[in-house]
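Here is the naming used below: chain letters follow the sequence lines, and residue numbers restart at 1 for every chain.
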There are 2 protein chains.
Amino acid sequence: MQVFFVTMTFETGNSAGFLANHMARLFAAGLARRIQPLGLAPAQFMVLLVLWDGDGLTQRDLVERLDVEQATMANTLARMERDGLITRQPSPTDKRARIVRLTDKARALEGDAKAAAQAQNNAALSGLSAAEADQLVDLMRRVVGTMQRRA
Amino acid sequence: MQVFFVTMTFETGNSAGFLANHMARLFAAGLARRIQPLGLAPAQFMVLLVLWDGDGLTQRDLVERLDVEQATMANTLARMERDGLITRQPSPTDKRARIVRLTDKARALEGDAKAAAQAQNNAALSGLSAAEADQLVDLMRRVVGTMQRRA
DNA sequence: CTATTTCACATAGCATGCTATGTTAATTGA
DNA sequence: TCAATTAACATAGCATGCTATGTGAAATAG
């Protein structure tokens, strides 16, 4: 049995990981530009997306929903509190935990911020057909699932 | 003509940008884990990918090839010099520029590092057929191209 | 019931990305 | 030519991600 050693040169243009990084940076830059007038940064927007859907969560809840490390969330929440987007009250049932609540300021941003994010997604996907965009989302979801399961 | 205002609630699970960020973080974490034994970090690996293909570039060349900001590259190159992966010699033709060259240490890492990156890509895409993986790469390339053209 | 362990959160330190700005060298225009 | 502009790089400051570690509260094991 003959074995062919293909010169599988690792190319940046063919690497899914390289492209994922590049695409994510471009998405983040576009979103940052669009939500900056609202006084928001991308990671803050992600937290708000969860909180707009339902207030009163702990840091731990947010860590689970957004799949970032606890320390990352702690720093993001500290910046959001500093910027007047959230408040944190001690939990009555667990003295270790703090309940995160939206401020009126943060509630007022929901419409504009979601519209900005939608505009960024639309611009990014404008070169794809609707079917292709759906397929890209489906493929990304499956790749995320694979990497979450096995480190 | 009837216009339907669909309640297009912005959902994290349907957002290409959200998924791109999540996928890129998982790719980076997996790559970081695999190349850490080689003493490399993801951004350093990206620079090495370019330099293994041809030495003697300036910071500006690397900025263009990897599409990061000049300041980002300056910091990454400083860390790579600190870690003994590159040297920087003043350009003989332009006293502002510095020529980046690989050290023997960096040259010796090429095979192992590329294998690690390939392994990460393979693991990430293991839930997709070959055709689906090709399509994902193609779609990401097109989305990157769209965002590069129009901010 | 107490000792151990686990849990929730904070903090330190680092890498990687960004914008804004400074410095010096090269280029251009009058 | 020489003043103004542009170009290459460095630096400061910040956001977002990470790991490692500390602190105090809750849960569990004996």
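Rounded to a whole Å, the CG atom of A:L26 is 12 Å from the P atom of C:dG17. Distance, A:D83 CG to D:dC14 P: 12 Å, rounded to whole Å. Taking atom CZ of residue B:F27 and atom C1' of nucleotide C:dT16, one finds them 18 Å apart after rounding to whole Å. The NE2 atom of A:H22 sits 11 Å away from the P atom of C:dG17 (whole-angstrom rounding). To the nearest angstrom, C1' of C:dT16 lies 13 Å from CG of B:L31. Atom C1' of nucleotide D:dG24 and atom CD of A:Q59 are separated by 15 Å, given to the nearest angstrom. In this structure, CG of B:N21 is placed 14 Å from C1' of D:dC18, rounded to the nearest angstrom. One interatomic measurement links the two molecules: CD of B:Q36 to C1' of D:dG17, which rounds to 15 Å at whole-angstrom precision.
Within residues 60-79 of chain B, the residues having any heavy atom closer than 4.0 Å to DNA chain D are, in order of number, B:R60, B:Q70, B:A71, B:A74. Listed by residue number, the members of residues 85-103 of chain B with any heavy atom below 4.0 angstrom from DNA chain C are B:D94, B:K95, B:R96.
Atom CD1 of A:I99 sits about 10.0 Å away from atom OG1 of A:T87, to the nearest 0.5 Å. Distance CD/B:Q89 to CZ/B:R101: 6.5 Å, rounded to 0.5 Å. To the nearest 0.5 Å, atom CD of residue B:Q70 and atom CD of residue B:Q59 are 5.0 Å apart. We find the NE2-CE distance between A:H22 and B:M46 to be 11.5 Å, quoted to the nearest 0.5 Å.
At D:dA15, one or more side-chain N or O atoms of A:R82 fall inside 4.0 Å of OP1 or OP2 (strictly under the cut-off).
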**Item:** side chain to side chain contact (heavy atoms under 4.5 Å, CB included) evaluation trace for B:W52 with B:L109
**Value:** CA-CA 10 Å; B:W52 283 325; B:L109 294 173; 4.3 Å; yes
**Request:** Please assess A:R107 against A:D55 for the test salt bridge (Lys or Arg N to Asp or Glu O under 4.0 Å), listing each intermediate value before the final yes or no.
**Result:** CA-CA 10 Å; A:R107 285 185 210 283; A:D55 237 335; 2.5 Å; yes
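Checked by atom type, the side-chain pair B:D61/B:T58 shows a donor-acceptor distance below 3.5 Å. A:R25 and A:N21 are linked by a side-chain donor-acceptor pair at a separation below 3.5 angstrom, with hydrogens and angles left out of the test.
Within the helix from C:dC1-D:dG30 to C:dA30-D:dT1, the inter-axis angle between the opening and closing five-pair segments is 10°, rounded to 10°.
The heavy-atom pair separating B:L77 from B:V100 by the smallest distance is CD1-CG2, 4.2 Å.
Under the 4.0 Å criterion applied to side-chain N and carboxylate O atoms, B:R142 and B:D138 are assigned as salt-bridge partners. A salt bridge between A:D94 and A:R60 is absent, with no side-chain N of the basic residue lying under 4.0 Å from a carboxylate O of the acidic one.
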